[in-house]
J.: 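Input: one structure, supplied below.
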Amino acid sequence: QVRLVESGGGLVQAGGSLRLSCAASGIIFRINTMGWYRQAPGKQRELVATITSVGSTNYANSVKGRFAISREDAKNTVYLQMNSLKPEDTAVYYCRSEQYPAFWGQGTQVTVSS
């Protein structure tokens, strides 16, 4: 059974921080590239950040310097630390296993108020 369970979303004021977690099961986590994506209402889902099995990271320009993706293989978990949050960061954030197999989580809502 493949499961990607996101947690840590919620309501935060602009300038605040949240840490999202994605607990994975049913995938070969240690060799997987993992990603975080987000989708605001009426907009396309977009890539936020990815991290490879060896820790190489990639970020959308809109979050560079503010967000950090990390992984803890012993816990089959990927994190997204979000700092200096802006109202435009408001979206549903989705965890993704890129392969072995490719799979989407159900998402967690992040709302940033002004």
Side-chain angles (χ1 to χ4, degrees):
Q1 181 185 11
V2 177
R3 293 184 68 205
L4 299 175
V5 181
E6 300 99 332
S7 61
L11 175 65
V12 65
Q13 288 185 286
S17 298
L18 287 172
R19 189 182 75 161
L20 306 183
S21 298
C22 173
S25 60
I27 66 170
I28 310 174
F29 186 86
R30 63 179 176 83
I31 63 172
N32 242 294
T33 294
M34 303 295 296
W36 287 98
Y37 296 72
R38 67 187 182 186
Q39 187 169 22
K43 295 186 177 181
Q44 294 281 339
R45 190 171 298 186
E46 64 176 350
L47 175 70
V48 176
T50 60
I51 184 165
T52 72
S53 62
V54 295
S56 297
T57 58
N58 183 58
Y59 297 93
N61 287 335
S62 59
V63 307
K64 285 181 179 177
R66 299 189 298 121
F67 291 10
I69 189 170
S70 61
R71 64 194 296 153
E72 190 169 3
D73 287 359
K75 295 184 177 180
N76 284 3
T77 300
V78 61
Y79 304 96
L80 185 68
Q81 179 67 47
M82 304 185 294
N83 299 321
S84 301
L85 283 161
K86 304 174 181 179
E88 50 263 48
D89 295 318
T90 295
V92 177
Y93 284 71
Y94 296 90
C95 180
R96 178 170 172 81
S97 169
E98 299 293 352
Q99 56 196 163
Y100 317 124
F103 201 78
W104 290 98
Q106 290 300 116
T108 185
Q109 177 71 49
V110 171
T111 302
V112 184
S113 66
S114 59

J.: Answer yes or no: is there a donor N or O on one side and an acceptor on the other, between the side chain of Asn76 and the main chain of Ser25, under 3.5 Å?
T.: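 The answer is no, because no donor-acceptor pair under 3.5 Å joins these two groups.
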J.: Counting N and O atoms only, with roles assigned by atom type, does the side chain of Thr108 sit under 3.5 Å from a partner on the main chain of Ser7, one being a donor and the other an acceptor?
T.: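 No; zero donor-acceptor contacts below 3.5 Å.
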J.: Measure the acute angle between the ring planes of Tyr93 and Phe67, then classify it against the limits of 30° and 60° as parallel, tilted or perpendicular.
T.: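 Aromatic pair Tyr93/Phe67 classed tilted.
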J.: Is the terminal nitrogen or CZ of Arg96 (NZ for Lys, CZ for Arg) located under 6.0 angstrom from the six-membered ring centre of Phe103 and within 45° of that ring's axis?
T.: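 No, Arg96 does not lie over the aromatic ring of Phe103.
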J.: Which atom pair, heavy atoms only, marks the closest approach of Pro87 to Ala14?
T.: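 Reported closest heavy-atom pair: CD-CB, 4.1 Å.
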J.: If you compare all heavy atoms of Gln109 against all heavy atoms of Val92, which two are closest, and at what distance to 0.1 Å?
T.: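 In terms of heavy atoms, the two residues are closest at OE1-CG2, 3.3 Å.
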J.: To the closest 0.5 Å, what do you measure between CG (Asn32) and OG1 (Thr52)?
T.: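 One gets 10.5 Å once the value is rounded to the nearest 0.5 Å.
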J.: Could you check whether Arg30 makes a cation-pi contact with Tyr100, meaning its NZ or CZ is under 6.0 Å from the centre of the six-membered ring and within 45° of the ring axis?
T.: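 No; the conditions do not both hold, so Arg30 does not lie above the ring face of Tyr100.
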J.: Indicate yes or no: at least one non-hydrogen side-chain atom of Ile51 is less than 4.5 angstrom from one of Ser56.
T.: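 No, their side chains stay 4.5 Å or more apart.
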J.: Can you establish whether the number of heavy atoms outside Gln44 located under 6.0 Å from its atom CD is more than 12?
T.: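 12 or below, so no.
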J.: State, with a plain yes or no, whether a side-chain heavy atom of Glu6 is found less than 4.5 Å away from one of Ser21.
T.: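 No, their side chains stay 4.5 Å or more apart.
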J.: If you define the side chain from C-beta out and look only at heavy atoms, does anything of Trp104 sit under 4.5 Å from Arg45?
T.: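 Contact flag for Trp104/Arg45 side chains = yes.
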J.: Using the rule that two of Ile, Leu, Val, Met, Phe, Trp, Tyr join whenever any of their side-chain heavy atoms come within less than 4.5 Å, decide whether Leu18 and Val63 are in one cluster.
T.: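 Yes.
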J.: What's the shortest heavy-atom distance between Ser62 and Arg66, and which atoms?
T.: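 Between these two residues, the closest heavy atoms are O-NH2, 2.9 Å.
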J.: What's the verdict on side-chain contact (heavy atoms from CB on, under 4.5 Å) for Val78 and Ile69, showing C-alpha distance, side-chain angles and the deciding distance?
T.: CA-CA 7 Å; Val78 61; Ile69 189 170; 3.8 Å; yes
J.: Would you indicate whether the side-chain heavy atoms of Asp89 and Arg38 approach each other to under 4.5 Å?
T.: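 A side-chain contact exists here, since the closest heavy-atom pair is under 4.5 Å.
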J.: Taking all heavy atoms of Ser53 and all of Thr33, pick out the closest pair and write down the distance.
T.: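 Shortest heavy-atom separation between Ser53 and Thr33 comes out as N-OG1, 4.4 Å.
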J.: Minimum heavy-atom separation for Leu4 to Ile27, with atom names?
T.: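 Heavy atoms only, the tightest pair is CD2-CD1, 4.3 Å.
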J.: Carefully, step by step, assess Met34 and Ser97 under the rule side-chain contact (heavy atoms from CB on, under 4.5 Å).
T.: CA-CA 5 Å; Met34 303 295 296; Ser97 169; 4.0 Å; yes
J.: What are the two closest heavy atoms between Tyr59 and Ala68, and how far apart are they?
T.: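 So the two residues come closest at OH-CA, 3.3 Å.
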J.: Quick one: disulfide bond (SG atoms under 2.5 Å apart) pairs with a partner in residues 80-114, sequence neighbours left out?
T.: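 Matches after skipping sequence neighbours: Cys22-Cys95.
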J.: For the backbone of Gly105 and the side chain of Arg3, can you confirm whether one donor and one acceptor N or O come within less than 3.5 Å of each other?
T.: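 No, because the side chain of Arg3 does not come within donor-acceptor range (under 3.5 Å) of the backbone of Gly105.
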J.: Is any NZ, NE, NH1 or NH2 atom of the basic residue among Asp73 and Lys75 found under 4.0 Å from an Asp or Glu carboxylate oxygen of the other?
T.: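 Lys75 and Asp73: not salt-bridged.
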J.: Assess the residue pair Leu80 and Arg19 against the criterion (side-chain contact (heavy atoms from CB on, under 4.5 Å)); give the C-alpha distance rounded to whole Å, side-chain angles, the decisive distance to 0.1 Å, and a yes or no.
T.: CA-CA 6 Å; Leu80 185 68; Arg19 189 182 75 161; over 6 Å; no
J.: Could you check whether Glu72 and Tyr79, counting side-chain N and O atoms only, form a donor-acceptor pair closer than 3.5 Å?
T.: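 Yes.
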J.: Report the C-alpha separation of Gln99 and Ile31 in whole Å, then their side-chain angles, then the decisive distance to 0.1 Å, and conclude whether the side-chain contact (heavy atoms from CB on, under 4.5 Å) test is met.
T.: CA-CA 9 Å; Gln99 56 196 163; Ile31 63 172; over 6 Å; no
J.: If hydrophobic clusters are built by linking Ile, Leu, Val, Met, Phe, Trp and Tyr wherever their side-chain heavy atoms come under 4.5 Å apart, do Tyr37 and Val110 end up in the same one?
T.: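 No, no single cluster joins them.
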